[in-house]
Structure formats: C-alpha cells, structure tokens
Amino acid sequence: MDLVAKYQGVVGRVFRNENSGSSEDSYVERLLDRISNGVLAEDRRAAMLELQSVVSESRAGQMAFGAMGFPVILSVLKEERDDFEMVRGALETLVGALSPIGHAKGPANEVQPTLMNSDLLSREVDNISLLLSLLSEEDFYVRYYTLQLLTALLTNSPQRLQEAILSIPRGITRLMDMLMEREVIRNEALLLLTYLTREAEEIQKIVVFEGAFEKIFSIIKEEGGSEGGVVVQDCLELLNNLLRNSASNQVLLRETMGFDQLLSVLKLRGTTYKFTQEKTINLLSVLETINLLIIGGPETDPGRDSNKLTNKTVLVQKKVLDHLFMLGVESQWAPVPVRCAALHCIGDLIANHPKNLEELASKRLGEEPDLEPALNSVLRILLRTSSKQEFMAADYLFKNFCQQNPDGQTMLASTLILQPQSMIHAPVEEDINMSFGSMLLHGLTTGENEGDVEICSRAASVLSHVIKGNNQCKEKVLQIELEAPTPILGRAEPLLHRMVKYLALASSMKSKDGKSSTSENVFVQPIILKLLIIWLSDCPNAVQCFLDSRPHLTYLLELVSNPTTTVSVRGLAAVLLGECVIYNKSNASGRDAYSIVDAISQKVGLTSYFLKFDEMQKSSLFTSAKPFLPRKSLTRSSAASMAEIEDGANESSDQKNEHPMLASVFDSPFVYFLKRLEADIREKMVEAYSSPKSQVTVVPAELEQRSGENDVDYIKRLKTFVEKQCHEIQDLLSRNATLAEDLARTGGNNSSPLERKVSGGSDRVQLETLRRDLQEASQRIETLKADKAKAESEAATYKNLAGKTESDLKSLSDAYNSLEQANFRLEKEVEALKSGDIEALKEEAREEALKESEAELSDLLVCLGQEQSKVEKLSTRLRELGEDVDTLLEGIGDDAGADDADEDEEEEED
C-alpha cells in the first residue's frame, strides 16, 4: 500500500485544498477508524453504511475517501470474506466512490474525484485480481456489486483495466462464466463485456474462444429476439464488437453457427405494424451486423475481399433479401431509420456481385397474383417518399445495381416506353400497373409545379445511373420523344429538352421564393445537371440534340455567369458547356465547337469561365468527397437518438454549409469524373484557340485584279500579299496559343499539371521543361506535407504529454505549498514557545532539581541513621567485652579530618 500512502500524502492534500472539505475529511476519517479499529461488529457495519452514504452523495466525501479510504476498504475485502454484509458494504462504497455525482458539476479544470479514485484503484493489478476473485463467491450481491464496480472502472480507466484483466489468469473466463448466472448478474456481465470488447482485439479473440457466439444467440432467443429489451441490444452490440475489425471472427461465425440465428432476429413476429423504440434499436443493430459482414473486415486484412464475397453469397443464399425487403419496402409501418438501413444493406449486398445482381433483378414482391418486380417497388418509394433520407437510400440501391452492370442497365432502359397520352398526367399514385421504365418516365414528365420538379429530379437521379457509362442506353433514351410535335423543332420534344426545361423551371422557382425553395430544393438543379453531364459525356448525338435548341446554349451561358446561383450549379453548368465543346462533332455554323468557344469568350470570358472550375473544386463538396461514408457503430448512448430520427433530424451537422443530398450527388466517382473531364475541356479550349477556322467569310479587296494590270504583275502582287498574310497568321496563331495556355494555367491552379495537355505555341519545349519541374516540385511538396503531418502528430502527442505533466506538477505544487504553510505555522509555534514560556521552564527545572536534592538528602539521612545504629550496637558489644570505647574512637575523627585537609592542599597546588 505504498502507493496509497503517497496518494494520501500528496493527492489527498490537493483534494482538501480545492474543496473546503475539512469537516468531510474528519468525518470520513472517523468512519474509517471505526471500520478498521472498531470492536463491535454492529458499529463497524453502521460506520460502513454511513461511509457509503457520504461517498455516494458528496464530491468532498469522494475526495476524502480517495485520500485515505482505500487501504481500509481493500483490507475488508481481503481479510473479511466470510462477513458478506461487510464485503457488500465495502463494494457498494467503492462503486459510490467511482460513480460521478450528476448534480455537483464543478469547473472544467477541477480535479474529478471519480477519475482519480479509478486511477488509484486500477493502478495495482492485485486490486483487479482481488475483484475478479470475488466473482466466485456464493453471495449474489457480492458478485452483482463486483460487476458494477468493474464496469465503473472500465468507464473511467478502460485501457488500464483491459491490460490488467489480460494479465490475470482466467480473467476473461470468469467474466464469461457470469453470462450463465441469474438474469441480473448476467445482464451486468453482458454490459461489462460490451464495454470491454470495443477496442481490445486480444480480448475479443479470447471472448470468442470462450464460446461468446453461442451464449449471445442463446440470450437473444431467450429474451424474444428483436422484440426483446435492452438486453438484446447489449447482445447485438457485443456481437458487433467481435465482428467489426476481425475477418477471422466472421469466418468462425459463418463456418460454425452460420447466419441462420442472426437472420431469425430480422424476422418480424406478431403485429408487423407495431415498432417500439427498443425494437427499432434492435433491428438497427442487426442491420449493422449484416453491414459488418458485407464489409468483410478491416481494409488492412489481406483476406477481406474473399471474405466479403463469401459473406454476400451466403447471406443471399439464406434469403436475407426477403427479410430486408420486408423491412425496407413491404412494411411501410417500419420507422424511417429501419427502412433506410435495410435499403442500404440491399445496395451493399448487390454491389459488384453478379449473382446477387441477378437475384435482385428477378426478385418479385407481394402475393399472387399481384406480384411486382422488386425494383419497381423501390422506384415507387423513391418517387413518393416524403423522407429525403429514404430517397437517398433508395437511390443508393439503384446506383449499386447499375454500377459495372451493363446488362442490368440495358434491361432497365428497355422498359423506357412512354405511356399513352391519358396516363402522362395521371397522379403518381396510379403507377401500380406500369413497368419500371414507364414509371420512371412518368416521374420525369409529371408536371411543372414545385413538388413535381422535385419528383422529376429524383427520377433524373435514377436515369443518370441507368445511362452512366453505357452509350447504348444513352442512345436509347435519346430517342424518347414527348407530347405532340412542336412548331419550333418540327418534331416531338425530346426527353433531353424536357430536362433542360425543368432545369430552367427549378431556377425560376428559386428566384420567386427565396425563403423556402432555396433551402429545400437546392439539390434539384445539381441533380438535373449531373444527369445532363453524364448523358452528354462521350455522346456526340446527345450534344447535337442539346444544341438543336438555340435557347439552351443561351440559358447555360447565363447560368454560368449568374452570381445568385450556388458554386456547385455554376461549376456543373461550366462542365456541361465544356462537354458541348469536346464532344461536338458538328460542322454547322453556330453549333460547332469553335462557335461554342467564341460564345463562352464573349458572354462569360475565358478567365471567368475557368474560375468556375476552381471555385467548385475548392468547395466543401469536392474536398470532402470520399469513396464511402463509414457508419457510426450503435451504442447505448447513440442508439436512442438514432431510433428517433425523422427526416432531417440527423442532418444538422451536414447542413452547416451544404444540403446533405448534395453529398450524394457529389460522390467520389462523380468528383473524379469531373476532374478528369476538366483536363479534357482545358485541352480542347486551347486547341480551339490555336487552330485556324475552316471558313473564310471576308474577301480582301487586294485580291481583285486592278484595271490595266497585266497578269504577271497581278500574280506577283498576289504572291506577296499571300506571303504577308501567312506570316501574320502564323504570328497571330503563336500568340493566341500562348495566350490560351496562360488562361488555362490562370484558371486552373488546382488541376494536376499532368492533366493539362496543351498543344501548339512557340514555347512548347520550354513548357514541357517547366511542366517536369513543376511535377518534381509537386512531389517534393507532397513529401513535405507528409513530413509536416507526421511532425504535427508528434507535436500533438508531446503537447498532450506536456499538458498532463503540467497538471501533475500543478497538483504537486499545490501540495507542496500546503506543506510549506503547515511548516511555517509549526515554526511560529516553536518561536512563541521559546520566547514566552522560558521563565516557566526555568522555575519548573528548579523545582525538579530541589525535588531531586531533597530525595538524595533523605536517602543520606537514612544511611546515616543506619550507620549510627550500627555504631551503637558495636559500642555496646565492646563494653561487654571490657574494651574502653571512648579511647578507641578518639583518633578516628581526627584522621579523617587530616586526610581531607591533605587532599585540599594537593588540589590547591595543582
């Protein structure tokens, strides 16, 4: 207990200095004295109860207990194991000392007694070993309070407790044995294991080895599956902790128990329309488990990909899609978070998995004879739902279905057949008998009011997935024509033109009502622009169709230069204009690439045009784009808020700068696609400025033969004029190319040097040299950035250590100051005693000396009396023998006197 003594001497003084707890200190000290030195058992138990009350209600009591109480309480746990009542009281006291008192909140920099007490108790491994040994006691409350105490320790000092438990033989085994105990103890042990396995990989392995999977599913079944309470939630959280970062644990679960018991938790029982909050949390936890199996393990695990593929295959074979569609599509009574999580799981299951894609494509929902393709049902939800979160989840499903699945895209595009005129303006609710494509077209062309434009944007997002990277589908959709022939084009209105019309309509709605539309429908224009960009990409026929209507180009130029629109809208409009240049194969006047470049230069300006790319790339949408958004794990603290999410409730953090739906528009693949497209646009712009136009519209007067001029002179003059014109043209082209290169560099500071392929110009060799130098400098900058990040990380670590050291030094300084004050007080007392009480001390010394001399004199008188009696007896005897006593005694006194006189003389001579 040397550590406790030090703690009492230093930290205890810090406690008492920070809180005026002197009365608490003395009270706690008296209680501890009664516990350790008391004679009567009842008095010791009463003192334990009082101590328990003090530490559970007072921070000062917790501080005082931390300074002096641990040796006494731990002694009770060690030496009085047979007295269950005392052991219970000791454990409850420790739990109180480690439990925060909610209503007593001090300053942020104040010492927290619960943290300090936890640190003290967990610092010695023997203390943890002692607590674990108490789990084998027969008394119910001893085991119960021990588990509570370990949970409190784990909350305050998780790392230290994990290390201690790992170092104790059979430490985890004892905790696992508690799962087979009575319900209350089992639940406490389950909660403790949940906290213990969150980050500790070694503990996770031991827990799995001890049969955790079997025990978890046994408890879940006993508690009623998803209908169970918080115990099922704790079981599922423990299961997720074991599976989250361990591919080996996932393989063990799959090959030993299988996924049947897991999927049985997803099965809805009883009344499917009744979803309590706890049931919602349990279902979300199971869906998180399935998502962890789909992920397959940590990215660093070499076997992750194969494990992920196997998990997906087995899950679909076990009919997981039936359960997921029941939760996400068929059971519309399910809460929004459950429906969204189920749709996300379906999307993850089919991503890059051909067999699962085929399974979903052939999946039908409902009952005979009203079976409907599952994709139709998901599309209906996407178009009808009032929840933007649910729309994004359904859109995520379609995105994963179409990604790297040309056959699936072609299948969906083949159903794009326009309905009869009577069905075009029918309500969305009457789409039950439509095919997938017809329903999608119905959503694309439903109407022109604000709500219908939002539905159109949702349908446009699905259409962008259907045609992305598939020219066959693009051409198929390009042939779709709407309504009756229009007099302007002389034919029916193409679907592409209708999308541009809705793009302009969304802009006008925003300008009319800046209060609601701007905030709510800010995602409509970006979604439609994304569709147009994907559609026109590498599709000259789509570009030609877009430019067939002259107002389209005019509107797009106005959109790029409109300062009231968002950065993302201006940037996407600039990209769409660039596609009209790089994928333009037309030679018609006013529609060719050169004409588009001239229009951009005149209406917007090349410098301003290129700046639109830079502004978009600097926006948070571009900089924060990631391949995927990791989902937060569900815990007791986060599950309740997650279960209560209504639409928009979890968007507060994302809505600070951008609407959350824009994050789904600007996903990582689309951002990469835009960056690559920008490089091609810059190259094409420079090429257009560097090359001569194919047509000459002005014939100079010098080319006409003058009157009276013979043919020889006319030919010479023409030759001289042509040579002069050639020199001027070459000079202009060279300067034009250099100017275009400067514009591209000025407007594209963020683009990669390797992506700027500039052709033409007299300084090409020098430009290539500069490009190589810039590439090397960029590599050096990246290296320096990495070194800087590493240095900053180390600096942060050292800063934290310095902060901790400073805090410790402050505590020691305060303790030292208190000792200095006590020492100064004692010195004053000593000085006062020296100056004021010296005479009393002298008098007392004199009295002591007199007492001693009187005692010595008394002893001498007694000795003399004894000697006198002896002399008298001897004198009487001598007289009896006839001796003259007076004659014998005459010389004795004189001899003695003479001897004394001689001794005095010798001393004087010396």
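Quick caveat: nothing in here was measured; it's all calculated off a predicted structure.
- Closest non-hydrogen pair, Val560 versus Val604, comes out as CG1-CG1, 4.1 Å.
- Here CG of Asn470 is found 10.5 Å from CD of Glu475. Values are rounded to the nearest 0.5 Å.
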Working for side-chain contact (heavy atoms from CB on, under 4.5 Å), residues Leu495 and Glu481: CA-CA 6 Å; Leu495 179 61; Glu481 297 181 342; over 6 Å; no
Kindly determine whether Ile467 and Trp535 satisfy side-chain contact (heavy atoms from CB on, under 4.5 Å), including the steps that lead there. CA-CA 7 Å; Ile467 66 175; Trp535 202 341; 3.8 Å; yes
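- Proximity of Tyr672 to Leu677: side-chain heavy atoms (C-beta onward) are nowhere separated by under 4.5 Å.
- At least one donor-acceptor pair closer than 3.5 Å links the side chain of Tyr609 to the backbone N or O of Gly578.
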Check the pair His465 / Asn400 against side chain to side chain donor-acceptor pair (under 3.5 Å), numbers first and verdict last. CA-CA 9 Å; His465 301 317; Asn400 285 358; over 6 Å; no
side-chain contact (heavy atoms from CB on, under 4.5 Å) assessment of Glu678 paired with Leu674: CA-CA 6 Å; Glu678 181 202 350; Leu674 292 180; over 6 Å; no
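- Within 6.0 Å of CD on Gln472 lie no more than 12 heavy atoms contributed by other residues, nucleotides or ligands.
- Here the side chain of Asp395 pairs no donor or acceptor atom with the backbone of Phe391 at under 3.5 angstrom.
- The minimum heavy-atom distance between Ser537 and Tyr583, with the atom names listed, is CA-CE1, 3.7 Å.
- Heavy-atom minimum distance, Leu536 versus Cys580: CD2-SG, 4.1 Å.
- The pair Lys399-Asp348 does not count as a salt bridge, with every side-chain nitrogen at least 4.0 angstrom from each carboxylate oxygen.
- Among all heavy-atom pairs drawn from Ala599 and Leu557, the shortest one is CB-CD1, 4.0 Å.
- With a 4.5 Å cut-off on side-chain heavy atoms, Leu375 and Phe398 count as touching.
- Here the CE atom belonging to Met499 is positioned 10.0 Å from the OG atom belonging to Ser457, to the nearest 0.5 angstrom.
- Between the side chain of Thr415 and the backbone N or O of Gly437 there is at least one donor-acceptor pair closer than 3.5 Å.
- Look at Asp592 and Lys585 and you find no salt bridge, because none of the NZ, NE, NH1 or NH2 atoms lies under 4.0 Å from a carboxylate O.
- Residues Met685 and Val581 are in side-chain contact: their nearest non-hydrogen atoms beyond the backbone lie under 4.5 Å apart.
- Using a cutoff of 4.0 Å between basic side-chain nitrogens and carboxylate oxygens, Lys474 and Asp538 are not scored as salt-bridged.
- Taken from CG in Leu556 to CG in Leu577, the straight-line distance is 4.0 Å, to the nearest 0.5 Å.
- The side-chain heavy atoms of Leu559 and Arg570, taken from C-beta on, include no pair separated by under 4.5 Å.
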Stepwise, does the side-chain contact (heavy atoms from CB on, under 4.5 Å) test hold for Met616 with Val575? CA-CA 10 Å; Met616 181 172 63; Val575 173; 4.0 Å; yes
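- A donor-acceptor pair under 3.5 Å is absent between the side-chain atoms of Ser601 and the main chain of Val597, judged by distance alone.
- Of all heavy-atom pairs between Cys456 and Tyr502, the closest is SG-CD1, 3.1 Å.
- Nearest approach of Leu531 to Ala460, heavy atoms of both residues: CD2-CB, 3.7 Å.
- One distance of note links CD of Gln403 with NZ of Lys468; it measures 6.5 Å at 0.5 Å rounding.
- A distance-only check finds no donor-acceptor pair linking the side chain of Arg591 to the backbone of Ser586 [under 3.5 Å].
- Rounding to the nearest 0.5 angstrom, the gap separating the CD1 atom in Ile527 from the CG atom in Leu503 is 12.0 Å.
- With hydrogens and angles disregarded, no donor-acceptor distance shorter than 3.5 Å links the side chain of Ser461 to the backbone of Arg458.
- Between Asn584 and Pro540 the shortest side-chain heavy-atom distance does not fall below 4.5 Å.
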Ring pair (Phe, Tyr, Trp, His ring centres under 6.0 Å) between Phe523 and Phe666: does it pass, once the steps are laid out? CA-CA 11 Å; Phe523 58 88; Phe666 287 89; over 10 Å; no
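- For the pair Thr385 (side chain) and Leu382 (backbone), a donor-acceptor distance under 3.5 Å is absent.
- The aromatic rings of His497 and His552 lie perpendicular to each other, with more than 60° between the two planes, well past the 30° mark.
- In this structure, Gln409 contributes its side chain and Val466 its backbone to a donor-acceptor pair below 3.5 Å.
- The closest side-chain heavy-atom distance from Ile596 to Leu547 is below 4.5 Å.
- For the pair Glu579/Leu576, a side-chain contact is recorded, criterion being any heavy-atom separation below 4.5 Å from C-beta on.
- Atom CD of residue Glu558 and atom CG of residue Leu553 lie 10.0 Å apart, to the nearest 0.5 angstrom.
- With a 4.5 Å cut-off on side-chain heavy atoms, Pro526 and Leu662 count as touching.
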